[in-house]
Amino acid sequence: MSKPSIPQGTRDFSPAEVRKRQYIFNTLRAIFELYGFQPLETPAMENLTTLTGKYGEEGDRLIFKILNNGLHEKKEEDKNKLNAEWEKVLSKPYSSPVVTERALRYDLTIPFARYVVMNQNDLAFPFRRYQMQPVWRADRPQKGRYREFWQCDCDVVGSTSLINEAELLCIYEEAFVKLGVPFIIQVNSRKILAGMAELCGHPDKLVDMTVAIDKLDKIGRAGVEGELLGKGFDKNAIDRLFVLLGEGGKPIYFSKQEQLDELKFKMNGSEIGTQGVKELEQILEYHKSISKYGGRNIDMPLGDGAMQSGINVSFSLARGLNYYTGMIVEVVALGVQMGSIGGGGRYDDLTGLFGLKNLSGVGVSFGVDRIYDVMDELQVFPDQLAAGAQAMLVNFGGENETYALSILQQLRASNIAAEIYPDAAKFDKQMKYANKRGFAYVLLPGDDERNNKKISVKNFATGEQKLMSIDDCITTLAAG
RNA sequence: GAGGUUGUAGCUCAGCUGGUUAGAGCAUCAGAUUGUGGUUCUGAGGGUCGGGGGUUCGAACCCCCUCAUCCUCCCCA
């Protein structure tokens, strides 16, 4: 017999881990609901054709495909087709509905777009939805990267108002403040990036340019220059680009307004770039008036000190997904080494891919698994999450067992989470079990207690034990 | 897709330049102890040393292949 195992990049979650994860989900859900978003769920699998071509070349490679069932039952004439397609599948990156008709969900945005198109007649636009479900990617697992992970998305479709962008930024703020994760929300606009590409003479190379400058933090100016040269940018264009990006070395909370003013001046000559700057300005204006924090930075505890969390304008932020058209946003946690813990943006024509034109959307995503890892590392989970049932009844067997069961029923009727040790095992074994489970109280219904219609209540943290009536016991446990 | 790390008991890991019967702690089970745990003592069970092949009188250790794992790059949450 081989050792049991689970697929690469997947995890089991212990009871304690599930409770901590649920704490994150519950926190996010409460905020989504507060902002008027409605829940939605879609299937774990989609038709492969729904997903392919939506995430770029790299994305297509990372989609988990599901082998069709019943391939062996095909009729002879179908088998020729199947063999031909199979040859192609084996020889190059290629997938065919004949072999793999379905695939696992890669993100929550595309299934959402599909849902909106399929249900366009019934939805009230603007449609605001949130969705918390697992997604799968055939990536190589490493730190903070899993093959099965959960996303929590919230999106608005059917409205071009920049109020939506501002609200989503508020949701990010509230969520991370509530969870205790110090953060920076980087914002930029695809239109600004398009303006930059235009002004340095390569409007057609927008994607190459954004992929390169997105790495500015990581590989520095020289590294980005190298990459751009490789993509066919000349030195002159690159110099112009870096003028637009602004000089490095600015303080991280360099005034957003100053940054925008400066760029607006430089963007003179690019219509789309100027529009991008103006939009970003308007978003931040709206945000200031809606935000709990008035658009200011937020002091958050971090280790022994504190850290300024908040929104930051970053013209080098790019993001890979190529369906974004307006604002783009990405969240990183402060104080830990971790990739982005959230991201999103506006997409003007997402549903157009499925035949529904002129429907603009904007949304953000929370990477729950990374948020969990960050919170664990920073030790910001509340302590009391681990608790399960509050009390355990020791089982002394015989009439005492019957007596214990009647008490158990009364406890549960009073809404006190309790369990009985199901076997009349040796006392020491029952106590050890109770200790491991971490019950707050252990109840001892033995001969003396039964004869006097009472119960011994042992506080398991202090070891203190008292004989009391059943009613008093319920009162004590209900008080915590 | 490219590069590297590590695979020894249920878990965490020792194991010397290749040497006879592969160890420890924790966990489990039993007993001291059929009404007092977290913190006692005694004992027991548990291993194809990831798998396959090779070198050798002899391999957990050396060589090749393979699988798994974690990490880095690419890309992303």
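Nothing here was measured: the structure is a model prediction, and the numbers come from that model. Below, chain A is the first sequence line, B the second, and so on; all start at residue 1.
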Give me the distance, rounded to whole Å, that separates [N] from [M] when you measure between the [atom1] atoms they each carry.
N: B:rU21; M: B:rU66; atom1: C1'; result: 31 Å
N: B:rU5; M: B:rG45; atom1: P; result: 39 Å
N: B:rC62; M: B:rG18; atom1: P; result: 8 Å
N: B:rG31; M: B:rG25; atom1: C1'; result: 22 Å
N: B:rC61; M: B:rG50; atom1: P; result: 8 Å
N: B:rG4; M: B:rC74; atom1: C1'; result: 15 Å
N: B:rC65; M: B:rG46; atom1: C1'; result: 32 Å

Between the side chains of [X] and [Y], is a donor N or O closer than 3.5 angstrom to an acceptor N or O?
X: A:S291; Y: A:E173; answer: yes
X: A:T10; Y: A:R147; answer: no
X: A:N312; Y: A:Q186; answer: yes
X: A:E401; Y: A:N395; answer: yes
X: A:R19; Y: A:Y23; answer: no
X: A:D373; Y: A:Y146; answer: yes
X: A:D348; Y: A:S360; answer: yes
X: A:E399; Y: A:T402; answer: no
X: A:S159; Y: A:N164; answer: yes
X: A:D107; Y: A:Y55; answer: yes

N/O to N/O distances under 3.5 Å, protein versus nucleotides 38-43 of chain B:
| unit_1 | atom_1 | unit_2 | atom_2 | d |
| --- | --- | --- | --- | --- |
| B:rG38 | O4' | A:N435 | OD1 | 3.4 |
| B:rG38 | O4' | A:N435 | ND2 | 2.8 |
| B:rG38 | N2 | A:A461 | O | 3.2 |

Heavy-atom neighbours of A:M338 CE exceed 12 at 6.0 Å = yes
Ignoring hydrogens and geometry, is there a side-chain-to-backbone donor-acceptor pair from [X] to [Y] under 3.5 Å?
X: A:D369; Y: A:W150; value: yes
X: A:E419; Y: A:L393; value: no
X: A:R105; Y: A:T42; value: yes

Specify the residues of residues 367-375 of chain A, ordered by number, for which at least one heavy atom lies under 4.0 angstrom from an atom of RNA chain B.
-> A:R370
Of all of residues 144-152 of chain A, which get a heavy atom below 4.0 angstrom from RNA chain B, listed by number?
-> A:G144, A:R145, A:Y146, A:F149, A:Q151
Ring-ring centroid check A:F396 A:Y403, cutoff 6.0 Å | no
Do the ring centers of A:F366 and A:F176 come within less than 6.0 Å of each other?
-> yes
Of the nucleotides B:rC71, B:rG35, B:rC75, which has the atom closest to the A:K143 side chain?
-> B:rC71
Among the nucleotides B:rG35, B:rU72, B:rG37, which one has an atom lying closest to any side-chain atom of A:Q142?
-> B:rU72
My understanding is that only residues two or more places apart in sequence, or in another chain, count here; which of them pass side chain to side chain contact (heavy atoms under 4.5 Å, CB included) with [X]?
X: A:E101; value: A:N68
X: A:T50; value: A:E46, A:N47, A:I110, A:R114, A:F354
X: A:D448; value: none

Between B:rG35 (C1') and A:K454 (NZ): distance, integer Å | 19 Å
Scan nucleotides 67-69 of chain B against the protein and return all N/O pairs shorter than 3.5 Å with their distances rounded to 0.1 Å.
| unit_1 | atom_1 | unit_2 | atom_2 | d |
| --- | --- | --- | --- | --- |
| B:rU69 | OP2 | A:Q8 | NE2 | 3.1 |

So which protein N/O to nucleotides 8-12 of chain B N/O distances come out below 3.5 Å?
none

Is any N or O donor-acceptor pair between the side chain of A:E58 and the base of B:rG1 shorter than 3.5 Å?
-> no
Given pairs defined as Watson-Crick or G-U wobble with both distances under 3.5 Å, what dot-bracket annotation applies to RNA chain B, with ( ) intrastrand, [ ] crossing, | other strand and . unpaired?
-> ((((.((..((((.....[...)))).(((((.......))))).....(((((..]....))))))).))))....
State which residues pass side chain to side chain donor-acceptor pair (under 3.5 Å) with A:N400; sequence neighbours excluded, sorted by chain then number.
-> A:D447, A:R450
For A:G446, report the nucleic acid contact type (base, sugar-phosphate, nothing); a contact means any heavy atom under 4.0 Å.
-> base
Please enumerate all protein N or O atoms sitting under 3.5 Å from an N or O of nucleotides 25-31 of chain B, with distances to 0.1 Å.
| unit_1 | atom_1 | unit_2 | atom_2 | d |
| --- | --- | --- | --- | --- |
| B:rU28 | OP1 | A:K436 | NZ | 3.1 |
| B:rG31 | OP2 | A:K426 | NZ | 3.3 |

Partner set under ring pair (Phe, Tyr, Trp, His ring centres under 6.0 Å) for A:Y441, not counting sequence neighbours | none
A:S365 vs A:P141, nearer the 5' end of RNA chain B by closest nucleotide | A:P141
